[in-house]
Protein chains: 2
Amino acid sequence: MAERSLSKPNDEPCYCGLTRRASRSLTEIYERELAPYGITQPQFSLLRAASNSAPMGITELALQLNLDRTTLGRNLKLLEAQGLVVFVANQHDQRERLVTLTRSGAKVSKEALAAWQAAQALIRRNIGRQKLVALEQLVAEIDALVS
Amino acid sequence: MAERSLSKPNDEPCYCGLTRRASRSLTEIYERELAPYGITQPQFSLLRAASNSAPMGITELALQLNLDRTTLGRNLKLLEAQGLVVFVANQHDQRERLVTLTRSGAKVSKEALAAWQAAQALIRRNIGRQKLVALEQLVAEIDALVS
DNA sequence: CCATGATGCGGGTATCTACACGTAAATGCC
DNA sequence: GGCATTTACGTGTAGATACCCGCATCATGG
């Protein structure tokens with residue numbers, strides 16, 4: 001009964017390594033499409049998140065994206081340098097800076113949407129909706145483990 | 001029939017964003033366990049890969065891990081600085097440097113294995129084997145799209 | 001009103017990742 | 001054998017990510 005563990009000690013796949021690997025592959029696919037718009041996949045995700053809700057503080061947005069606050073801050077700074085987002089002061093709290101899309105940011109986000117949809121369609125076509133729904137649920141369960 | 005797309009234009013989840021998010025969460029979980037051994041999850045993956053096969057060149061190992069060659073080179077350099085791996089010249093090809101675990105590298109890899117297994121068990125316990133097998137297959141299909 | 005703690009944020013540092021470019025060695029073709 | 005091509009690798013640059021530490025502002029108890 002110990003034979004199995006003796007002959008194949010560590011062939012169990014690392015779930016973390018698998019997922020990191022998948023994220024690298026998917027990022028490559030998505031960024032091939034997004035390249036013409038001069039933004040990366042994480043940047044597109046940020047623009048999308050910012051455009052789909054009322055202006056939010058960095059900490060709040062980071063919580064929603066399950067991203068480190070300082071990471072998000074630095075990523076947003078790059079978008080600010082490109083003129084795609086601006087930080088608006090919160091009148092009721094001097095500490096908070098509300099992330100807001102500029103007109104240019106909204107434009108890029110809107111245009112790049114087609115590229116993103118192309119990548120989404122490619123994945124759906126090759127993987128299938130059913131597995132992708134399962135992926136969505138799986139990620140939710142994984143996220144729940146760290147919250 | 002256009003109503004659905006009008007009322008919910010873009011609520012489709014980004015498969016790339018989902019996967020990147022999952023990789024962040026999982027990395028956090030694994031690195032909590034690995035921290036006492038002074039290595040990160042990617043570093044542990046590298047040690048594991050290097051110890052599970054004959055010495056390999058950087059390009060070959062990068063191909064196997066689906067990692068950019070230069071990325072792998074830099075990651076290995078950090079392990080070299082920690083004395084966990086060394087580069088051995090290939091007698092038949094002066095260009096190639098064969099990645100080899102040091103005694104210390106093998107020791108750390110072996111000791112950290114328990115930490116990794118704890119993380120693996122945590123995930124298995126909370127997610128379930130069936131979904132993890134599905135994940136494994138899904139990642140293989142995604143990888144196939146970029147090869 | 002003021003001291004204390006909580007909150008929002010930035011900077012320093014470090015690792016992971018990839019692309020563009022350049023160099024040296026091996027290979028192959030004539 | 002000699003030269004073009006391919007192969008293996010490094011460096012420069014840049015973005016994504018997270019931890020630690022410090023600062024300014026807000027909220028609260030006395």
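Here is the naming used below: chain letters follow the sequence lines, and residue numbers restart at 1 for every chain.
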Response to the item:
Ranking A/Asn66 and B/Met56 by the position along DNA chain D of their nearest nucleotide, the one closer to 5' is B/Met56
Practice prompt. Can you tell me the distance, in whole Å, between the CD atom of A/Glu96 and the C1' atom of D/dA27?
Written response: 15 Å
Discussion item. At less than 4.0 Å, is any side-chain N or O atom of A/Thr40 found next to OP1 or OP2 of D/dA16? Yes or no.
Written reply: yes
Worksheet entry | Protein-nucleotide distance (B/Leu67, atom CG; C/dA18, atom C1'), rounded to Å | 10 Å
Practice prompt. Pick base, sugar-phosphate or nothing for B/Gln43, based on heavy-atom distances below 4.0 Å to the nucleic acid.
Written response: sugar-phosphate
Discussion item. Does A/Thr59 reach a base, just sugar-phosphate, or nothing at all? Heavy atoms under 4.0 Å.
Written reply: sugar-phosphate
Discussion item. Between the base of D/dA18 and the side chain of A/Thr71, is one N or O donor paired with an acceptor at under 3.5 angstrom?
Written reply: yes
Practice prompt. Would you please confirm or rule out a distance under 4.0 Å between OP1 or OP2 of C/dG12 and any side-chain N or O of A/Arg74?
Written response: no
Worksheet item: Are any of B/Lys77's side-chain N or O atoms less than 4.0 Å away from OP1 or OP2 of C/dT15?
Response: no
Item to complete: Using a 4.0 Å heavy-atom cut-off across all strands, classify A/Arg69 as base, sugar-phosphate, or nothing.
Response: base
Discussion item. Please determine whether a side-chain nitrogen or oxygen atom of B/Gln41 lies at a distance below 4.0 Å from atom OP1 or OP2 of C/dC16.
Written reply: no
Worksheet entry | Separation of atom CZ in A/Arg20 from atom C1' in D/dT17, rounded to whole Å | 9 Å
Worksheet item: When the nearest nucleotide of DNA chain C is assigned to B/His92 and to A/Leu98 on a heavy-atom basis, which residue is associated with the more 5' position?
Response: A/Leu98
Item to complete: Given salt bridge (charged side-chain N to carboxylate O under 4.0 Å, His left out), test A/Arg24 with A/Glu28 step by step and report yes or no.
Response: CA-CA 6 Å; A/Arg24 290 196 299 269; A/Glu28 184 183 334; over 6 Å; no
Worksheet item: Can you find an N or O donor on one side and an acceptor on the other, under 3.5 Å apart, linking the side chain of B/Arg95 with the base of D/dG10?
Response: no
Worksheet item: Should B/Arg97 be listed as having a side-chain N or O under 4.0 Å from OP1 or OP2 of D/dG10?
Response: yes
Worksheet item: How many Å lie between CG on A/Leu46 and P on D/dG15, as a whole number?
Response: 14 Å
Practice prompt. Mind calculating the distance between CZ (A/Phe44) and P (D/dG15) to the nearest angstrom?
Written response: 19 Å
Practice prompt. Identify whether any heavy atom of B/Asn75 sits under 4.0 Å from a base atom; if not, whether one sits that close to sugar-phosphate; answer base, sugar-phosphate or nothing.
Written response: base
Practice prompt. Would you tell me whether A/Glu136 and B/Tyr15 have side-chain atoms, one donor and one acceptor, within less than 3.5 Å of each other?
Written response: no
